[in-house]
Colleague: 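Below: one structure in structure tokens.
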Amino acid sequence: GDTSCSLSIGDGDDVDRYNAAADIDLFTTAAYVTGGAAQGTAYHSAAKSITLTATSGNDWGDVTAGAVTVQVVYWVGV
């Protein structure tokens with residue numbers, strides 16, 4: 001079975017731009033898990049797409065099922 005699964009949130013250029021240095025553990029049973037402060041450039045002057053990358057450690061092959069909801073929130077301090 002699966003031994004681990006982590007998620008990084010990036011923009012296609014930087015695989016983990018929108019989460020902290022440690023990837024998010026998808027085996028966490030909490031309803032809400034924070035990805036921490038963005039470690040890459042948080043501001044973009046043009047539209048970007050969000051890229052999710054799940055990395056699995058397992059005994060038998062690729063992850064083929066599951067679901068995750070990701071919410072990316074950005075605000076500018078005043």
Side-chain angles (χ1 to χ4, degrees):
D2 290 331
T3 57
S4 66
C5 193
S6 61
L7 178 72
S8 61
I9 306 171
D11 68 356
D13 294 322
D14 182 343
V15 70
D16 58 0
R17 180 180 302 265
Y18 302 119
N19 60 282
D23 290 340
I24 301 160
D25 181 0
L26 290 179
F27 282 173
T28 301
T29 57
Y32 173 80
V33 178
T34 180
Q39 68 176 2
T41 302
Y43 177 78
H44 298 287
S45 59
K48 287 284 192 175
S49 295
I50 300 296
T51 302
L52 305 177
T53 305
T55 304
S56 173
N58 60 60
D59 299 332
W60 41 263
D62 294 340
V63 174
T64 59
V68 63
T69 300
V70 174
Q71 181 178 20
V72 177
V73 178
Y74 176 79
W75 68 90
V76 178
V78 288

Colleague: With rounding to the nearest 0.5 angstrom, report the CG to CD1 distance, Asp16 to Ile9.
Modeller: 10.0 Å

Colleague: If you measure from OG on Ser56 to CG on Leu7, what distance do you get to the nearest 0.5 Å?
Modeller: 12.0 Å

Colleague: Taking only residues two or more places apart in sequence, or in another chain, which ones meet Thr53 in a side-chain contact (heavy atoms from CB on, under 4.5 Å)?
Modeller: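 In terms of side-chain contact (heavy atoms from CB on, under 4.5 Å), with neighbours along the sequence ignored, Thr53 is linked to Ser8, Val15, Thr51, Thr55.
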
Colleague: Which pair of heavy atoms, one from Ile50 and one from Leu52, lies closest together, and at what distance?
Modeller: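 For Ile50 and Leu52, the tightest heavy-atom pair comes out as CG2-CD2, 4.0 Å.
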
